[in-house]
Amino acid sequence: MNIKDYFAFLLVMALVTYLVRAVPFVVFRNKIKNKFFKSFLAYVPYAVLGAMTFPAIFTSTGSVISAVIGCIVAVFLAFMEKSLLTVALSACGVVLVVEIIQKYIM
């Protein structure tokens, strides 16, 4: 790849990033009053975070079994309203233990 291609890609990425951030300010000049649309926008960050996180959970370990067990532990602890640090460390610990068990069983 030559330097012209590099700067062309950089320019396109900068333009897309700018447009994604600028278009809502241009389109929605007034405060949004529609209850449905406001509630929809309130859940967008959580949906995007979930869409980015869950595929990574199931592909980041050595096996899908350990990933599923770790995810179950994390969801259970989160449901029990434990802290984020507790949830993350417990899920990682469970995945580690399951991976070690799988190594010696299989």
Side-chain angles (χ1 to χ4, degrees):
M1 177 167 47
N2 61 24
I3 195 77
K4 288 181 182 179
D5 291 339
Y6 177 76
F7 282 113
F9 293 144
L10 187 65
L11 180 67
V12 169
M13 288 188 298
L15 183 65
V16 168
T17 302
Y18 178 76
L19 286 176
V20 166
R21 294 170 190 268
V23 166
F25 287 112
V26 173
V27 173
F28 304 110
R29 291 177 188 247
N30 298 330
K31 188 170 180 163
I32 298 171
K33 296 177 183 170
N34 186 332
K35 284 180 139 182
F36 174 77
F37 197 63
K38 282 175 72 171
S39 67
F40 172 77
L41 290 176
Y43 290 108
V44 168
Y46 303 110
V48 170
L49 184 61
M52 291 178 356
T53 303
F54 277 98
I57 289 172
F58 298 115
T59 59
S60 63
T61 64
S63 71
V64 176
I65 295 169
S66 63
V68 169
I69 294 172
C71 183
I72 290 170
V73 168
V75 168
F76 175 75
L77 290 174
F79 183 72
M80 300 304 289
E81 297 183 357
K82 301 297 179 188
S83 71
L84 180 60
L85 185 62
T86 303
V87 171
L89 290 176
S90 299
C92 290
V94 167
V95 168
L96 177 65
V97 169
V98 171
E99 288 283 332
I100 291 171
I101 291 171
Q102 281 183 337
K103 181 180 177 183
Y104 288 111
I105 290 177
M106 295 180 176

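Numbers here simply count residues along the sequence, with the first being 1.
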Per-pair distances, 0.1 Å, donor-acceptor, side chain in residues 8-16, under 3.5 Å, sequence neighbours excluded:
none

With Phe37 via ring-ring contact (aromatic ring centres under 6.0 Å, His included) - residues at least two apart: Phe28
Side-chain cluster (under 4.5 Å, hydrophobic types only) that Tyr18 belongs to, other residues: none
Taking every non-hydrogen atom, the tightest pair across Ala67 and Phe58: CB-CA, 3.9 Å
Val95: hydrophobic cluster co-members (side-chain, 4.5 Å): none
Side chain to side chain donor-acceptor pair (under 3.5 Å) pairs, two or more places apart, involving residues 87-98: none
Partners meeting side-chain contact (heavy atoms from CB on, under 4.5 Å) with Asn2 (sequence neighbours left out): Lys4, Asp5
Members besides Ile65 in its Ile/Leu/Val/Met/Phe/Trp/Tyr cluster (side-chain heavy atoms under 4.5 Å): Ile69, Val73, Phe76, Leu77, Phe79, Met80, Val87, Val94, Val98
Partners meeting side chain to side chain donor-acceptor pair (under 3.5 Å) with Thr17 (sequence neighbours left out): none
Residue list, side chain to side chain donor-acceptor pair (under 3.5 Å) with Ser63, at least two apart or on another chain: Ser66, Gln102
Any residue meeting side-chain contact (heavy atoms from CB on, under 4.5 Å) with Ala91, in chain and number order, not counting sequence neighbours: Ala74
Acceptor/donor pairs from residues 39-54 side chains to any protein atom, 3.5 angstrom cut, sequence neighbours excluded:
from: Ser39; atom 1: OG; to: Lys35; atom 2: O; distance (Å): 3.3
from: Ser39; atom 1: OG; to: Phe36; atom 2: O; distance (Å): 2.8
from: Thr53; atom 1: OG1; to: Leu49; atom 2: O; distance (Å): 2.7

Pairing residues for Ile101 by the side-chain contact (heavy atoms from CB on, under 4.5 Å) criterion, not counting sequence neighbours: Val97, Ile105
